[in-house]
Engineer: 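Before I ask anything, let me first share the structure, which is written out below as structure tokens.
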Amino acid sequence: MKKILYKILQLVCTLTSITLIASCESDILNQVPKDSLTGETVWTDPQGATQFVNAIYGQMPSGFDRNYQGWARGLYLLDGVTDDGDVGMPWTHSNELQTGNFLPSGVPWGETWGDYYSLVRKANMALENLGSLKDEALRNRLMGEAYFLRGFIYHELLRLYGMPSTGSEPTGVPLINKSLTLNDNFQIPRAKYDEVVDFITADLDKAASLLPKKGAIEAGRATSGAANALKSRVLLYASRWQASADAANKVINTDYTLFNDYRTLFLTKNNNEIIFAKKFQAPDKVHFGVNNGFDVVNSPPSIRGGSDAGWGGNVPTQNFVDSYDMIDGKSQATSPLYKASEPWANLDPRFEATVVHNGSTFRGRVIELFAGGADVTGRAEDTKTGYILRKFHEEQYVLYTKSSDQDWIFIRYAEVLLNYAEAKNEASGPDASVYSAINAIRKRAGMPDLEAGLSKDQMRAKIRNERRIELAFEEHRFFDIRRWKIAESLLNGPLYGVKMTKSGNTINYTRYAFENRSFPSKLYVLPIPQNEVDKNPAAKQIAGW
């Protein structure tokens with residue numbers, strides 16, 4: 001059935017692409033300039049130039065629609081190959097990314113290299129040609145957007161395919177700052193990591209100087225706040241602590257606030273916590289295909305819709321569940337509120353907003369994940385961990401009756417607060433501003449403030465766990481455990497789930513190792529796909545690839 005569905009979806013994706021190419025709507029979801037414009041005139045036409053920049057937004061890979069082997073979009077989140085998650089679809093390449101058992105000739109998500117460099121070329125073309133626009137205000141705004149988008153694209157490339165290095169070997173990615181022609185040299189080596197960071201931050205500084213603030217531009221477009229927020233993340237990854245804190249501080253207490261409800265913030269478009277997001281809107285722009293997308297892919301096979309069942313998708317691990325504190329602020333190991341007979345009672349409220357467990361109500365019914373329960377089907381896509389992901393789901397819609405069009409939030413205010421707290425703590429220790437940033441997030445969640453008097457090391461541990469909980473399954477954990485250099489300690493060995501048996505009205509819970517993983521040190525970075533190295537041998541592999 002899946003194989004047949006793949007073929008159908010390939011056809012749907014092809015037809016969708018043809019439809020998009022013919023489209024010339026004027027809003028941010030539009031992907032291509034008017035086909036009546038030539039290359040020479042597009043840049044002097046305000047609508048044509050705007051639509052060219054729109055195309056870069058629309059084609060930006062996200063967690064909901066990253067290119068998967070040319071036929072699918074999204075399919076699984078990067079969190080599914082961390083200690084927080086597993087991928088319940090054994091026919092994907094997730095197992096390879098969980099173990100490093102692949103070669104540069106078959107890189108999981110390797111399409112992103114070519115996809116991003118295609119967008120780099122478009123951003124470069126925009127920056128080279130937007131000067132032809134006579135409307136100064138529009139010209140400056142679109143230039144700012146192009147600088148922001150190029151910086152964003154290079155940030156994505158750098159965190160996937162580059163890594164910091166103290167040696168002389170260049171470990172960044174190739175920097176291309178112009179649209180290449182047939183007369184140019186296509187042998188472009190990697191730049192040094194810090195050179196790429198400097199390039200990105202320079203683009204973001206230019207963007208911030210040209211872009212309007214939130215509210216002065218339509219939702220989905222880059223703003224000065226988005227430029228500074230992204231800069232704080234880029235500098236955080238580069239361990240430039242004070243500079244990262246300074247960039248985050250330009251966003252804090254300005255145009256953004258924490259949305260009042262953690263559960264629904266991911267389903268409430270254009271809310272005031274969102275700093276930059278990829279916009280989707282059915283039926284014109286959806287995650288995957290018609291009546292498909294995140295909700296179908298990430299529902300268990302026991303949940304059926306009009307035409308088929310859920311695919312299994314991303315599921316949380318027991319390791320991740322263990323990281324939640326109790327509502328009194330203490331760990332599960334130390335809190336008097338914890339009961340082994342009710343292991344999910346009295347946890348941080350973000351747990352129920354993120355995770356479906358045995359006894360949860362999900363998609364209109366009570367979930368049974370104990371042996372013999374309604375949600376244990378014996379299919380390969382059944383959760384091996386004993387959990388299902390709730391975050392991002394539009395549970396009110398029956399599967400296969402609505403195309404998924406939740407916006408993918410690239411940057412939100414809570415992350416900026418977390419960036420600030422981490423950077424400031426590393427730069428100068430846990431002062432009052434660090435506590436204020438973290439406690440604001442905890443207050444929104446319904447959790448008590450952190451205890452006073454924490455050391456720098458203790459605060460570091462608290463901040464890292466807060467990132468894990470707050471940003472769960474938003475594709476931060478994949479990069480965080482790499483930049484913190486802790487992935488080897490977390491992902492060499494067993495990961496855990498929970499098995500449940502029912503006796504009368506009693507549920508018995510047994511923690512068990514559902515999988516053994518390995519994390520070779522080379523997995524701190526993805527290799528450049530071999531077909532791309534064949535085109536550009538000057539871009540050498542690093543980290544043992």
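When reading the values below, keep in mind they use all heavy atoms of this one structure, side chains included, and skip hydrogens, waters and symmetry mates.
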Engineer: Do Gln406 and Asp295 get their side chains close enough for a donor-acceptor pair, meaning under 3.5 Å?
Structural biologist: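 Distance-only check passes for Gln406 and Asp295.
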Engineer: I'd like to check Arg477 versus Phe320 (side-chain heavy atoms, cut-off strictly below 4.5 Å). Are they in contact?
Structural biologist: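 No; the side chains remain at least 4.5 Å from each other.
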Engineer: Using a distance-only test with no angle check, is there a side-chain donor-acceptor pair under 3.5 angstrom linking Gln318 and Tyr512?
Structural biologist: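 Not at all, the side chains of Gln318 and Tyr512 share no donor-acceptor pair under 3.5 Å.
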Engineer: Of the options Arg467, Arg468, Arg233, Lys485, which is the one that meets Asp480 in a salt bridge (Lys or Arg N to Asp or Glu O under 4.0 Å)?
Structural biologist: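 Single pass found, and it is Arg467.
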Engineer: Looking only at side chains, do Asn492 and Arg517 share a donor and an acceptor under 3.5 Å apart?
Structural biologist: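 Not at all, the side chains of Asn492 and Arg517 share no donor-acceptor pair under 3.5 Å.
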Engineer: Trp71 vs Tyr68 aromatic rings, parallel, tilted or perpendicular, using cut-offs 30° and 60°?
Structural biologist: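 Perpendicular, since the angle between the ring planes exceeds 60°.
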Engineer: Just checking His93 against Phe102, ring centres under 6.0 Å apart?
Structural biologist: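 No - the distance between ring centres of His93 and Phe102 does not fall below the 6.0 Å cut-off.
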Engineer: Is the number of heavy atoms from other residues, nucleotides or ligands under 6.0 Å of Lys456 NZ greater than 12?
Structural biologist: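 Yes, NZ of Lys456 has more than 12 neighbouring heavy atoms, counting only those of other groups under 6.0 Å.
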Engineer: With sequence neighbours excluded, tell me which residues meet side-chain contact (heavy atoms from CB on, under 4.5 Å) with Ala461.
Structural biologist: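 Checked Ala461 against side-chain contact (heavy atoms from CB on, under 4.5 Å); zero matches.
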Engineer: Cation-pi check, Arg73 to Phe288: give yes when NZ or CZ is under 6.0 Å from the six-membered ring centre and within 45° of the ring axis, no otherwise.
Structural biologist: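 No, cation not above the ring by the 6.0 Å, 45° rule.
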Engineer: A side-chain contact here means heavy atoms from C-beta on lying under 4.5 Å apart; do Gln59 and Lys122 qualify?
Structural biologist: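 The answer is yes; the side chains approach within 4.5 Å.
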Engineer: Please enumerate all residues that pass salt bridge (charged side-chain N to carboxylate O under 4.0 Å, His left out) together with Lys231, with sequence neighbours excluded.
Structural biologist: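 Lys231 satisfies salt bridge (charged side-chain N to carboxylate O under 4.0 Å, His left out) with Asp205 once adjacent residues are dropped.
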Engineer: Please check if the distance between the ring centroids of Trp545 and Tyr161 is under 6.0 Å.
Structural biologist: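 No, the ring centres sit 6.0 Å or more apart.
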Engineer: Ignoring hydrogens and geometry beyond distance, is a side-chain donor-acceptor pair present between Trp109 and Gln69 at under 3.5 Å?
Structural biologist: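 Distance-only check fails for Trp109 and Gln69.
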Engineer: Please work out whether the ring planes of Phe410 and Phe276 are parallel, tilted or perpendicular, with thresholds of 30° and 60°.
Structural biologist: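 Geometry flag for Phe276 against Phe410: parallel rings.
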Engineer: Report yes or no: do Glu532 and Asn536 form a side-chain donor-acceptor pair below 3.5 Å?
Structural biologist: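 Short answer, no.
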Engineer: Should Val173 and Tyr116 count as side-chain neighbours, where that means a heavy-atom distance under 4.5 Å?
Structural biologist: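 Contact flag for Val173/Tyr116 side chains = no.
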Engineer: So, do Trp113 and Pro529 sit near enough that their side-chain heavy atoms are less than 4.5 Å apart?
Structural biologist: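 The answer is yes; the side chains approach within 4.5 Å.
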Engineer: Taking the side chain as everything from C-beta on, heavy atoms only, tell me whether Val234 gets closer than 4.5 Å to Thr201.
Structural biologist: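 Heavy-atom side-chain distance check passes, below 4.5 Å.
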Engineer: Tell me whether the NZ or CZ atom of Arg483 lies within the 45° cone about the ring axis of Phe479 and under 6.0 Å from its centre.
Structural biologist: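 No.
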Engineer: Trp408 ring centre to Lys278 NZ or CZ under 6.0 Å, with the angle to the axis within 45°?
Structural biologist: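 Judged by the rule (NZ or CZ under 6.0 Å from the ring centre, within 45° of its axis), Lys278 is not positioned above Trp408.
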Engineer: Does any non-hydrogen side-chain atom of Tyr154 lie less than 4.5 Å from one of Tyr117?
Structural biologist: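 Yes; the side chains approach each other to less than 4.5 Å.
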Engineer: Quiz question: by atom type and distance under 3.5 Å, do the side chains of Asp79 and Thr82 form a donor-acceptor pair?
Structural biologist: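 No, because no side-chain N or O of Asp79 sits under 3.5 Å from a partner of the opposite role on Thr82.
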Engineer: With no hydrogens and no angle check, do the side chains of Arg390 and Asn298 hold a donor and an acceptor under 3.5 Å apart?
Structural biologist: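 No, no side-chain donor-acceptor contact under 3.5 Å.
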Engineer: Establish, from distance only, whether the side-chain atoms of Asn319 and Asp83 form a donor-acceptor pair under 3.5 Å.
Structural biologist: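 Judged by distance alone, the side chains do not pair up.
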